[in-house]
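What follows is one structure encoded as structure tokens, with my remarks underneath.
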Amino acid sequence: MISDIETETGSLLLNLTCPECGTVHNADVVNTVCSNDNCKSTLFATYNLDTAADKSALLGRPATMWRYKEFLPVFNEKNIVTLGEGFTPMIPIENLKQFTGDNEVFWKDESGNPTGSFKARGLSAAVSKAKELGIDTIATPTAGNAGGALAAYAARAGIKAIVYMPKQTPKVFKDECRLYGADLVEIDGNISDCGRLVNEQALLHGWFQVSTLKEPYRLEGKKTMGYEIAEQFNWQLPDVILYPTGGGTGLIGMWKAFNELEHLGWIGSKRPRMVAVQSESCNGIVTAFNAGLSVSEFADGGFTIANGLRVPKPYADKQILKVITESRGTALTISDEQMSLALKEIARYEGMLIAPEGAALWQAFKKLKAAQWIKAGEKVLMINTGSGYKYLENIVVD
Ligand SMILES: *Cc1c(COP(=O)(O)O)cnc(C)c1O
Ligand SMILES: [Zn+2]
């Protein structure tokens with residue numbers, strides 16, 4: 001017999017708070033960005049962490065990101081749209097020790113997520129919450145992976161998905177959207193152009209948009225990487241985390257997770273130094289960081305094989321720069337040629353076919369170690385955000 005009793009998740013969500021002006025928003029209704037005057041900042045979900053259980057409650061939970069459901073925004077179990085995302089493995093560098101020396105260096109390998117990237121985390125959370133709020137059509141601009149993830153989770157939820165993607169994106173990213181039943185609109189331009197056009201249409205047709213950090217819950221999904229890093233490293237965070245930065249959701253999300261975990265008393269005050277890695281063609285955050293600025297400027301040098309990094313002006317650039325600075329981290333760029341070499345090196349010697357975005361981190365690690373910014377004995381984590389299998393169209397195999 002099927003029970004119709006609604007099971008509560010135990011979510012401790014209280015409200016949505018603006019990190020810029022402090023305005024509190026009611027989380028029982030549909031939200032986008034801060035509604036206070038012209039603030040328009042990304043909103044952060046706030047939880048009642050004082051009433052949370054001890055971390056031993058995690059024992060025996062499913063090996064997905066929903067094991068942290070008290071710290072995710074969905075109130076009713078039946079609204080959770082899951083395909084098994086999260087709780088991805090930590091894989092140490094095994095054979096390329098001539099580069100890692102006395103550093104312990106790990107990948108957090110996100111390539112096994114549904115649709116082959118960590119976008120699954122964000123879209124599982126956002127689509128679940130949209131379902132809970134009764135939304136029937138969701139639209140997004142995408143550089144590739146977010147579109148596929150939205151399409152899959154929307155298919156699972158019975159929600160209509162509309163995806164705006166640059167024409168230049170490899171075919172597999174387009175085909176998966178169509179296979180999952182999304183409406184795909186190909187745009188002659190970059191993700192910023194897609195964002196502008198989808199926004200016009202969304203306003204006309206009443207679609208809900210889940211554009212990066214203009215919707216509050218993708219951040220919550222990506223935040224779970226921070227919870228996992230803590231749990232999988234036995235509640236001791238690494239010294240350095242390298243992150244391939246597009247819109248910055250993962251970077252901001254991990255930082256938010258660490259603060260929540262400290263509030264819970266599950267970790268101490270030690271934080272990793274957070275490193276934002278960008279492509280040479282899209283280097284707005286690196287330029288701003290090096291100039292000591294708190295906002296970035298539009299920067300688009302055109303095509304990169306790491307399409308997830310082609311975000312000319314991240315919406316939450318202020319928050320990204322704040323995390324880098326607060327963590328005493330740094331920011332650097334890697335060329336497409338170097339990404340391609342790194343992708344091949346990791347495949348050949350480590351047996352992992354990682355995304356070019358992840359491959360950029362391997363070169364960044366080498367640079368930072370050579371510059372002694374990464375010091376002897378420090379534990380380093382690189383987030384391989386996606387599967388290399390989706391990018392092979394742009395990789396010359398020799
Ligand atoms: C989207 C994406 C990124 C960048 O993630 P943000 O959260 O936008 O910073 C990095 N790598 C891959 C594979 C992606 O799909
Ligand atoms: Zn605000």
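One-based numbering, in listed order, for ligands and for the atoms of each. Computed from a predicted structure; not experimentally measured.
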Open item on the list: Can you tell me how the ring of Phe106 sits relative to the ring of Phe233, calling it parallel under 30°, perpendicular over 60° and tilted otherwise?
Closed with: perpendicular
Task: Candidate pair Glu228 and Lys108, rule salt bridge (charged side-chain N to carboxylate O under 4.0 Å, His left out), full reasoning - done: CA-CA 10 Å; Glu228 286 173 30; Lys108 183 158 183 60; 2.9 Å; yes
Open item on the list: For a quick check: using heavy atoms under 4.0 Å, what are the residues in contact with ligand 1, sorted by chain and number?
Closed with: Phe118, Lys119, Asn145, Lys222, Tyr243, Pro244, Thr245, Gly246, Gly247, Gly248, Thr249, Gly250, Gly308, Glu357, Thr385, Tyr391
- [ ] For residues Trp266 and Phe71, establish whether the separation of their ring centroids is below 6.0 Å.
- [x] yes
Open item on the list: Please enumerate all residues that pass side-chain hydrogen bond (donor to acceptor under 3.5 Å, both in side chains) together with Lys344, with sequence neighbours excluded.
Closed with: none
Task: Partner of Asp239 by side-chain hydrogen bond (donor to acceptor under 3.5 Å, both in side chains), out of Lys379, Arg271, Lys270, Lys375 - done: Lys270
- [ ] Just the protein N/O/S atoms under 2.8 Å from the Zn ion (ligand 2), please, no waters.
- [x] Cys18 SG, Cys21 SG, Cys34 SG, Cys39 SG
Task: Heavy-atom neighbours of Lys318 NZ exceed 12 at 6.0 Å - done: no
Open item on the list: Tell me every residue that passes salt bridge (Lys or Arg N to Asp or Glu O under 4.0 Å) with Lys129, counting only those two or more places apart in sequence or in another chain.
Closed with: Glu132
Open item on the list: Walk me through whether Asp183 and Arg178 qualify under salt bridge (charged side-chain N to carboxylate O under 4.0 Å, His left out).
Closed with: CA-CA 7 Å; Asp183 285 351; Arg178 294 192 177 107; over 6 Å; no
Task: Chi angles and distances behind the side chain to side chain contact (heavy atoms under 4.5 Å, CB included) call for Ile229, Met90 - done: CA-CA 8 Å; Ile229 292 164; Met90 298 286 195; 3.9 Å; yes
